[in-house]
Amino acid sequence: MMKTKVKLLLLISVMAGAGMSTGCGKVASKIGHEVEKNVNETAGVANSVSGASTYKWTLADGPAACLGAYQKKIGQDFNILDFSTYYVKPETIDASDARNYKGTKGGEMKTCDLKIQDPADPKKAVGYRMDMKTGEISGPMPVEITVSGNAEAFKLSEVVYPVKDIDYAAIQKNIDSIKPKLDEKYGVYQVTGIRMDSDLRTGKPHLLVHIDGKLKANDVAKNVLLHLTPDGKKITMNSMN
């Protein structure tokens, strides 16, 4: 059962149907190209991510690429409650991913989950499912929302964000802006995920970019987390600072 937690003045646990797993579709985006390039060049990954396995999408399509396929299915203007996508790490960063996802080289999209405000009933939420290898979408599926705290004060409209307002180029620009520091500290690194949920500090939606890598100094694994405004235009917190 998939769960996500959002905090406004209260804590919400959102639960979709058991076994829900999702994939992604293509949208024009360069997000992740530079980080993927670093992995291939610095770590000596033998093949480019594209075509390395039967997975339909890769880091080269951009961490938020599957939203394009969801928009084709659902419509252009849905409001996101929770969105997350993660990528296979290369063996040079995490050998367990290579074992768990046989035939991969790193950068293949391994999960992409979406929950939105129900267009037919704005008080409710629904989830969608995608096959990671074919991109086929099924849904909508009902999502149960439970609230810990003052349930009467909860408004779904306060914890969702319009998909059409996400600026993919801005997300890429912000990733690129920390590349010099990543190059300085890391021997190998890769964007491993991007997600949207509620910022526990403010209760409002935000974007998170996950980057995993190995430090140059000692080859120890260490991750980086970028907090962005929900439109992707501004970094609000950088765990490297």
Side-chain angles (χ1 to χ4, degrees), residues 2 4-8 14 16 22-36 56-87 107 109-119 122 125-130 135 137 139-140 143 155-179 191-211 224-238:
M2 292 178 59
T4 187
K5 292 182 179 179
V6 183
K7 189 175 182 181
L8 188 54
V14 183
T22 53
C24 294
K26 290 188 175 182
V27 67
S29 175
K30 291 171 58 182
I31 298 169
H33 268 300
E34 289 302 317
V35 176
E36 177 193 299
K56 189 173 181 64
W57 296 278
T58 73
L59 188 59
D61 298 307
C66 65
L67 287 175
Y70 281 124
Q71 285 179 289
K72 288 181 181 178
K73 170 74 175 181
I74 304 167
Q76 297 295 312
D77 297 334
F78 60 81
N79 294 321
I80 299 173
L81 172 61
D82 182 283
F83 167 71
S84 61
T85 185
Y86 291 96
Y87 299 84
M109 190 176 290
K110 62 181 180 179
T111 185
C112 181
D113 302 326
L114 179 69
K115 304 182 192 76
I116 67 170
Q117 186 176 33
D118 188 348
V126 292
Y128 286 83
R129 179 176 185 172
M130 242 188 246
I137 300 172
V143 171
K155 295 180 180 179
L156 184 60
S157 61
E158 294 180 348
V159 294
V160 296
Y161 191 78
V163 65
K164 63 182 177 63
D165 289 347
I166 298 174
D167 187 334
Y168 300 113
I171 299 172
Q172 176 63 53
K173 183 178 179 180
N174 281 314
I175 293 172
D176 290 344
S177 74
I178 68 164
K179 190 176 184 297
V191 170
T192 54
I194 186 169
R195 63 190 172 98
M196 176 178 284
D197 59 17
S198 180
D199 188 336
L200 295 180
R201 299 168 299 167
T202 65
K204 301 299 182 181
H206 69 159
L207 280 167
L208 295 168
V209 177
H210 298 257
I211 301 171
V224 175
L225 188 62
L226 285 183
H227 296 243
L228 307 178
T229 51
D231 56 10
K233 293 181 178 180
K234 182 179 178 181
I235 297 175
T236 59
M237 184 181 291
N238 177 357

Asp61 side chain to Thr58 backbone, donor-acceptor under 3.5 Å: yes
Distance (rounded to the nearest 0.5 Å) between Leu67 CG and Lys72 NZ: 12.5 Å
Distance (rounded to the nearest 0.5 Å) between Ile194 CD1 and Leu228 CG: 7.0 Å
Side-chain donor or acceptor of Thr85 paired with backbone N/O of Gly193 under 3.5 Å: no
Spatial distance of atom CD1 (Ile80) from atom NZ (Lys164) [nearest 0.5 Å]: 11.5 Å
Heavy-atom side-chain proximity of Tyr70 to Val163 below 4.5 angstrom: no
For Ile211, the option from Thr192, Leu225, Ile178 that meets side-chain contact (heavy atoms from CB on, under 4.5 Å): Ile178
Salt bridge (Lys or Arg N to Asp or Glu O under 4.0 Å) between Lys115 and Asp113, worked out: CA-CA 7 Å; Lys115 304 182 192 76; Asp113 302 326; 5.9 Å; no
Main-chain N/O of Val159 paired with Ser198 side-chain donor or acceptor, under 3.5 Å: no
Ile116 side, atom CD1; Ile74 side, atom CD1 - distance, nearest 0.5 Å: 4.0 Å
Option from His206, Lys234, Lys204 for which side-chain contact (heavy atoms from CB on, under 4.5 Å) with Thr229 holds: Lys234
Distance, nearest 0.5 Å, that separates OG1 of Thr236 from NE2 of His227: 6.5 Å
